[in-house]
*Asks:* 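After the structure tokens below, expect a handful of questions from me.
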Amino acid sequence: MESQSLFSGFCSNSITPLYRNPQNPLSSSPPSLSFPCFNQSKHQVSFEMQYFLSSQRLRSVRRLLCKNSVEKVSNLVSEKEGSKSWVKRKRLAVFVSGGGSNFRSINQACIEGFVNGDVVVLVTNKHACGGAQYARDKGIPVILFPKTKDEPDGLSPDDLVKVLREFEVDFILLAGYLKLIPAELIQAYSRSIFNIHPSLLPSFGGKGYYGMKVHKAVIASGARYSGATIHFVDEHYDTGRILAQKIVPVLANDTAEELAARVLREEHKLYVEVTTALCEDRIVWREDGVPLIQSKENPEEYY
Ligand SMILES: Nc1nc2c(c(=O)[nH]1)N[C@@H](CN(C=O)c1ccc(C(=O)N[C@@H](CCC(=O)O)C(=O)O)cc1)CN2
Ligand SMILES: NCC(=O)N[C@@H]1O[C@H](COP(=O)([O-])[O-])[C@@H](O)[C@H]1O
């Protein structure tokens with residue numbers, strides 16, 4: 001399947017548009033269900049999908065999809081040199097393991113219309129975490145991944161890819177997800193998986209660097225600045241291409257908790273800003289492989 005440039009007519013010697021993942025091209029038509037809708041019982045379809053180790057799990061997903069297949073009609077219309085073009089509203093999957101404050105701020109920005117997208121599914125390795133509870137409260141389907149002894153009903157990597165395709169997910173946003181994303185998903189969603197990390201990568205990243213461990217290491221190092229990084233996800237922890245960063249000061253008497261809170265406030269702003277650009281097709285690639293964000297106000301400028 002041919003990949004499709006997201007910028008029709010856009011070209012430059014030094015910048016190449018982000019190409020849609022060939023397996024998941026920009027669909028011009030609204031998502032269509034590939035199976036008959038199940039008749040809704042008089043009870044609300046439970047959004048907690050109970051999985052059985054068989055094909056039933058996909059039937060559970062499909063039952064749910066019927067309920068959630070309303071396509072937002074409000075695609076973004078962008079005006080460029082007098083001509084109008086529209087940008088398909090994006091379908092987002094968010095992965096969490098904890099409270100999900102980044103997930104909540106992204107979802108709120110989608111609801112309020114700042115982001116040309118919708119969170120259509122929440123993936124977690126902890127079914128009882130705060131992020132999963134928030135998703136249930138908002139009617140967002142919750143999927144368990146991976147399968148572990150604590151979560152025996154979790155999906156396998158191949159089933160996760162199938163389910164995300166069923167939901168017609170365009171982009172995957174990791175937000176406090178603490179498990180390694182498998183190669184199957186990375187290959188299926190090339191250049192379409194993002195992560196937020198609470199330090200200025202490449203410093204203080206990699207295996208063992210998550211949550212408060214990051215902030216404790218920053219303080220112990222004597223670093224005067226920290227911050228948040230959003231990067232593309234590759235096969236290893238925190239080694240993907242850096243897309244955006246925000247910096248914060250580290251104060252002499254900071255506790256790890258105070259630094260964490262300062263960084264988290266910037267994370268919320270940064271992830272909404274990046275997701276907004278992502279859903280407006282404003283992420284491009286420099287010739288040397290560095291991803292950039294195209295300014296909305298001045299399209300000739302990148303950062
Ligand atoms: N393939 C990738 N998967 C994930 C990435 C990534 O960049 N590539 N980012 C992480 C998020 N993350 C930092 O931003 C991160 C998360 C977890 C760990 C870690 O050391 N985890 C422990 C297990 C922790 C637990 O289960 O409670 C471990 O693997 O031993 C490091 C960095 C998400 N996935
Ligand atoms: N290395 C991964 C990592 O440490 N991620 C961090 O977990 C927190 C999740 O908070 P949230 O659940 O409230 O969004 C965030 O600070 C995020 O940067």
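The first residue of the sequence shown is numbered 1, and numbering continues consecutively from there.
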*Asks:* I'd like to know if the side chain of Thr229 and the backbone of Ser199 have a donor-acceptor N/O pair within less than 3.5 Å.
*Replies:* yes
*Asks:* In terms of side-chain geometry, is the basic nitrogen of Asp281 or Lys90 positioned less than 4.0 Å from the acidic oxygen of its partner?
*Replies:* yes
*Asks:* Check whether any side-chain heavy atom of Ile230 lies under 4.5 Å from a side-chain heavy atom of Asn195, and answer yes or no.
*Replies:* no
*Asks:* Looking at Val274, is its backbone amide N or carbonyl O close enough to the side chain of Thr276 to form a donor-acceptor pair, meaning the two atoms are under 3.5 Å apart?
*Replies:* no
*Asks:* Could you tell me whether the side chain of Asn107 reaches within less than 4.5 Å of the side chain of Tyr134, counting heavy atoms only?
*Replies:* yes
*Asks:* Which heavy-atom pair separates Lys147 from Gly154 by the least distance, and what is that distance?
*Replies:* CB-O, 3.4 Å
*Asks:* Are Glu151 and Lys126 within salt-bridge range, i.e. N to O under 4.0 Å?
*Replies:* no
*Asks:* Below 4.0 angstrom, N of the basic side chain to O of the carboxylate: do Asp118 and Arg91 qualify?
*Replies:* no
*Asks:* Are the side chain of Asp238 and the backbone N or O of Gly205 linked by a donor-acceptor pair below 3.5 Å?
*Replies:* no
*Asks:* Tell me whether the guanidinium CZ or amine NZ of Arg191 lies under 6.0 angstrom from the six-membered ring centre of Phe171 and within 45° of its axis.
*Replies:* no
*Asks:* Taking all non-hydrogen atoms of both residues into account, name the closest pair between Tyr271 and Phe194 and its distance.
*Replies:* OH-O, 3.4 Å
*Asks:* Scan side-chain atoms only and decide if Tyr189 and Arg165 contain a donor-acceptor pair under the 3.5 Å cut-off.
*Replies:* yes
*Asks:* Tell me whether the rings of Phe204 and Tyr209 are parallel (<30°), tilted (30 to 60°) or perpendicular (>60°).
*Replies:* perpendicular
*Asks:* Quick check: closest heavy atoms across Leu164 and Ala93, and the distance to 0.1 Å?
*Replies:* CD2-CB, 4.0 Å
*Asks:* Using every non-hydrogen atom in the two residues, find where Ala244 and Leu270 come nearest and quote the distance to one decimal.
*Replies:* CB-CD1, 3.9 Å
*Asks:* I'd like to know if the side chain of Glu266 reaches the main chain of Val263, judged simply by a donor and an acceptor atom lying under 3.5 Å from each other, with no hydrogens or angles considered.
*Replies:* no
*Asks:* Is any side-chain N of the basic residue among Arg262 and Asp254 closer than 4.0 Å to the acidic one's carboxylate O?
*Replies:* yes
*Asks:* Any side-chain heavy atom of Leu174 sitting closer than 4.5 Å to one from Ile196?
*Replies:* no
*Asks:* Provide the closest heavy-atom pair for Ala175 versus Val96 in the form atom of the first, atom of the second, distance.
*Replies:* O-CG1, 3.5 Å
*Asks:* Is the shortest side-chain N to carboxylate O distance from Glu273 to Lys246 below 4.0 Å?
*Replies:* yes
*Asks:* According to a hydrophobic-cluster definition based on side-chain heavy atoms being under 4.5 Å apart (Ile, Leu, Val, Met, Phe, Trp, Tyr only), do Val94 and Ile140 belong together?
*Replies:* yes
*Asks:* Do Val233 and Phe95 have side chains that approach each other closer than 4.5 Å (heavy atoms only, starting at C-beta)?
*Replies:* no
*Asks:* In terms of side-chain heavy atoms, does Glu267 have a donor or acceptor partner in Asn102 at a distance below 3.5 Å?
*Replies:* yes
*Asks:* If the test is side chain to side chain contact (heavy atoms under 4.5 Å, CB included), which one of Leu201, Ile193, Thr239 qualifies with His231?
*Replies:* Leu201
*Asks:* Could you check whether the rings of Tyr177 and Phe145 sit parallel, tilted or perpendicular, using 30° and 60° as the cut-offs?
*Replies:* parallel
*Asks:* Treating Arg89 as the side-chain partner and Gly117 as the backbone partner, does any N or O pair qualify as donor plus acceptor under 3.5 Å?
*Replies:* yes
*Asks:* Donor-acceptor pair, Asn125 side chain versus Lys179 backbone, under 3.5 Å?
*Replies:* no
*Asks:* Answer yes or no: is there a donor N or O on one side and an acceptor on the other, between the side chain of Arg136 and the main chain of Val142, under 3.5 Å?
*Replies:* no
*Asks:* Checking Glu184 side chain against Asp158 main chain: does a donor-acceptor pair fall under 3.5 Å?
*Replies:* no
*Asks:* Quick check on the hydrophobic clustering: are Ile172 and Tyr237 connected, directly or via other members, by side-chain heavy-atom contacts under 4.5 Å?
*Replies:* no
*Asks:* Over all heavy atoms of both residues, which pair between Ala132 and Thr124 is shortest? Give the atoms and the distance, please.
*Replies:* CB-CG2, 4.1 Å
*Asks:* Going by atom types only, do Ser101 and His268 share a side-chain donor-acceptor pair under 3.5 Å?
*Replies:* yes
